[in-house]
Amino acid sequence: MNAYQEFSIIGSRPVRPDGLDKVTGRARYGADLNMQGQIYGHIVRSPHAHAIIESIDTSQALATEGVLAVMTGADLPEPGDSVLGGGEGAIALKDLSPMVMSQGKVLFHSQAVAAVAATSPELAAQAAALIEVSYQVLPAVTDMHEALGADAPILHADRFPDGFPEEPTNLAAHISLEVGEPDAAFERADVVIEQTYSVPMCHQGYIEPHACVARVDAAGQVDLWCSTQGHFMVAQYTAALTGIDVGKVKVTASEIGGGFGGKTTVYLEPLAVVLAQKSGRPVKMIMDRGDVFRVTGPAPGAQTRVKLGATQDGQLVAADVECVMDSGAYSGNPASFPAFMATACYKLTDARSTGRAVYTNKPKIHAYRAPSVPQVTLGFELAMTELAAELGMDPLAFRLKNAVEEGDVNMMGAPYNRIGLRECLEVASNHAHYKAPVAEGEGRGVAAGYWINAGLQSSATLNVLSDGHLSILTGSPDIGGSRASMALMAAEVLGIPFEHIHPQIAATDAVGHCDVTGGSRTTLATGQAVIQAAEQCVAEMCRRAAAEWKVEVGVVTWSQGAAHYGEQSLTFEALARRAGTMGGPLTFSSSLTASSAAPSFGVHICDAKVDKETGRTTITRYTTIQDAGKAIHPAYVEGQMQGGAAQGIGWALNEEYLYDENGVLQNAGFLDYRIPVASDLPFIDTVIVEVPNPLHPFGVKGVGEVPIVPPMPAVAEAVYQSAGVRLRDMPLNPPKIVAALQEQ
Amino acid sequence: MSIQEFVAPHSLSEAKGFLSDGAAASVLAGGTDLLVGVRLGTRNPERVVDLKKIPELTAISIDAEAVHIGAAASAFSILHDSDVPSFFPGFAEALDLIGSTQIQGRCSAGGNLCNASPAADSIPALIANGAQCLITGPAGDHQMPVEDFVVGPSKNALKEGELLVALILPRPSPQTADAYLRLTPRTEMDIAVAGVGVSLTLDENATCTAARVSIGAVAPTALLVEAAGAALVGTQLDAAAIEAAVAAARQSACPISDKRGTSEYRTHVVGVLVARAIAQAQARIVEAVS
Ligand SMILES: Cc1cc2nc3c(=O)[nH]c(=O)nc-3n(C[C@H](O)[C@H](O)[C@H](O)COP(=O)(O)OP(=O)(O)OC[C@H]3O[C@@H](n4cnc5c(N)ncnc54)[C@H](O)[C@@H]3O)c2cc1C
């Protein structure tokens, strides 16, 4: 039962508080801040994908006029075995540190090996070219299947996944889960299908490259500005990577031009801090686009084998899923989410799910929207569709028959609370898009998707201003409209106008801890902190009104922005104006570790037309349906749904990391790494389903990630229906489709 | 390493002076290739000579014989401030495919040609229309057909100190029309995997009396495929003729396999585009005369 049932302003669509600054260019992003006296950092990167660094000679660079500092991996503490807690999961320092700068060994092309700070960006680049690095070049392996082969070069001779302590291999991790007796259950199936599906390594494709500026004062206090999904994370990681006490690191988050999970770690920040320490000057660093592609963590490539069995009447009886995931050069743990979540949409009492992660000479993978789940879902959902076809069933009816609901248990072992998959499937089945006949020459695909969603730590501080306005401080960077959601939630509790509320993202020294904006958690968890602080504000205002009226606080009620008792009332604004004489400033803070997170489900419908001569696919119609729990600001929920669909369509059709035999990325830029442009997409229709999350006061569920989960299998099926050839390896680009048609 | 000098001469003679005193000079029209190259470190001029203040370089004029397009005239001015699109809808569409509105506000047909990318969109359209390059230099002025101007990837026929002044396209008869089609995986902001320019002339019996077919992005330079044009002349553009033109185009193509497409795919798709471009040019003539 939700604490709030009726809403007055929640669910409306006011203009976002940060909108004007963003459309007029006033908003300041990572590269927009300059500090007085700043100099510029430039990174020296490895020309080899696998090599031992024999020596680094920085003397010539250091002797160059205008160069104020030089650093190498030796300037960072040895990572040792320590593990950082942090936002979306623990990470070992030895996996994080070399992604910032290598120490001794290079495991992927363009890995940072040294850096220079100089008085101009040009000078820094020139000086960087004077740093002499001598390498012992080793053979590189970028294909994960080859990496598991017997002759493959070994990336880490000292690492063994649990339970595999024999010879060193490139196996980074191994996980195996089983419920019931899948092998026996397959015996009961009338129809069994088994297929293998694959997805290449892909990038999040955020528009804003990484950028930061760092200053270290004489007392060793660090002042850091950067584009990030979590500045508390930046403080923690930067401190650990540089050996500076975290209390001395203040981080301010700039506006952020996209992240999608890719900005839940650090790349430049620790280097800027070390260079600032060494030079005594603020140091600015901006990553160029090519390096964003070459050295920041992309999403893992994956291969998924899916075996499904069902009875003739469409009852799913067993599943066996095996996923191989490309981890890149260090452990990014890509295998466990798919193992846990592959089967999450369906009632399956007998299932097996295994995952393996493999080291390759590529950048360590990193989070990308519902990390690793779109990859495994391509396999599982496309197999569901293929199985429905074999059974002669409508693909949505087949899913509905097997969809999980409250009380069902997935591979993670905990029963579902109130979830909205069935509702989404029903809406999809009855949607005008699904009911419309498929146009001549086109094809249609559907798919469902699941994402777990995170809770984690959040804080908020509310300051009532003396004119009756309210400032909200949180530590959650606003990546998808969360300021508007914070203001709406406070407005709902307090009953004051949205326009009187001024949400801000405060620096690490100005507000309580907040974990990263990730895991679709900010509106849920930081929002809950805002709600709690607003409730404290109401309680205190009622207390003050009661004192004024000399009545028991229990008889005072709060509604429509005012305290009431009988005929008397005191408005929020009046209480704000008189705060000084009625008990002092009105400031409220709330912090929590949210235990209210609930999973999201979505269902997508895609129509596509393949030009059989050129192999080009046009997406002609697309509808996303998603359970949002309660949509605080529906426009931004729709924005998430459309954005996730757009990214998933890009992944399905054209996106792909292409490496040459030396491990050099061939398409490190938006010209050849083809994310879709607006004209590649139809209007993406949205239907928000609201099955309130019983654990959250407003019923919120995270919405940001699940929309990237269903697109690949939905698009792949639509392409199959239109082209008449079944392709199971993404991307479905024109050469691949033409080759398949010619083979046919 | 960085640019030392920027000059914007007001006359051709002044410009020629800046190009012939020994400094490592690069001319700049819209800069949408040059400046990107400087930023990537692949271009390294000491002196940049901006051409946009020279009247001949941005003028567009149409007389009884030909259409003259200043080499530095922006795509936007050609598309929106001149009658060029009504004479050469295919060439106009090629220009309109370049980049985006912002890019088109700066970039020029001359720059697209001089940059000599195998995948440049306007080059096959210029070749199909029989365009000539007007070149000036220390030895005076001369002309050369576009198909001879590009000599290799990023290499053109200009000699030391020379400059492209204008593109001269013979004025088409009402019975003539062109078409340009390219294949890109994305709808825009992409680079041609294959491109095809076609110009056809039909007589009153719908018989093809002249045809030029040019293919781009499938060889080190855009090619004039004479055999493809020859296969069409004298026919009514029946299926057999088109098939012969397609085969000739595929025959001439010698594409590489790279991140933008396999050699097999490019060879296949250039043929598809030839057939479609012929059909489009034909439809334009039929529509214009009916
Ligand atoms: C985002 C983006 C998208 C693009 N998309 C496309 C596309 O879709 N299709 C396409 O074909 N191209 C595309 N381009 C490339 C470029 O825009 C075109 O090639 C454009 O036509 C170049 O014209 P410009 O006037 O800007 O050339 P500039 O950069 O000014 O010059 C190009 C080269 O030619 C030389 N040059 C220019 N004018 C003369 C002259 N009169 N005489 C001698 N030499 C000269 C210059 O020195 C330079 O080497 C794109 C570029 C960008 C940045």
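Below, chain A is the first sequence line, B the second, and so on; all start at residue 1.
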Should the heavy atoms of other residues, nucleotides or ligands under 6.0 Å from [atom1] of [X] be counted, would the total exceed 12?
X        : atom1 : answer
A:Lys22  : NZ    : yes
B:Gln251 : CD    : no
B:Glu5   : CD    : yes
A:Gln666 : CD    : yes
A:Gln744 : CD    : yes

B:Ile191 and A:Asp672: which non-hydrogen atoms are nearest, and at how many Å?
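Where B:Ile191 meets A:Asp672 most closely, the heavy atoms are CG2-OD1, 4.3 Å.
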Which pair of heavy atoms, one from A:Arg674 and one from B:Lys259, lies closest together, and at what distance?
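Between these two residues, the closest heavy atoms are NH1-O, 4.3 Å.
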[X] versus chain B, heavy atoms under 4.5 Å apart: side chain, backbone, both or neither?
X        : answer
A:Ile675 : both
A:Leu671 : both
A:Tyr659 : neither

Full working for side chain to side chain contact (heavy atoms under 4.5 Å, CB included) between A:Glu613 and B:Leu273
CA-CA 9 Å; A:Glu613 285 186 320; B:Leu273 297 182; over 6 Å; no
At a heavy-atom separation under 4.5 Å, does B:Arg266 approach chain A through its side chain, its backbone, both, or neither?
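Neither part, no heavy atoms under 4.5 Å.
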Does one side chain, of A:Gln742 or B:His268, offer a donor that lies under 3.5 Å from an acceptor on the other?
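Yes, B:His268 and A:Gln742 have a side-chain donor paired with an acceptor closer than 3.5 Å.
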Would you mind reporting whether B:Thr187 and A:Arg616 have side-chain heavy atoms less than 4.5 Å apart?
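A side-chain contact exists here, since the closest heavy-atom pair is under 4.5 Å.
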For the residue pair B:Pro185 and A:Asn733, establish whether any side-chain heavy-atom pair is separated by less than 4.5 Å.
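They are not in side-chain contact.
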How many angstroms lie between CG in B:Asp258 and CG in A:Asp660, if you round to the nearest 0.5 Å?
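It comes to 12.5 Å.
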So, does B:Tyr265 use its side chain to make a donor-acceptor pair with the main chain of A:Gly615 at under 3.5 Å?
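Side chain of B:Tyr265 to backbone of A:Gly615: no pair is present.
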Tell me if a side-chain donor or acceptor on A:Asp680 pairs with a main-chain N or O of B:Arg186 at a distance below 3.5 Å.
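Side chain of A:Asp680 to backbone of B:Arg186: no pair is present.
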Might you work through the side chain to side chain contact (heavy atoms under 4.5 Å, CB included) test for B:Glu264 and A:Val738, ending with a clear yes or no?
CA-CA 10 Å; B:Glu264 298 76 42; A:Val738 165; over 6 Å; no
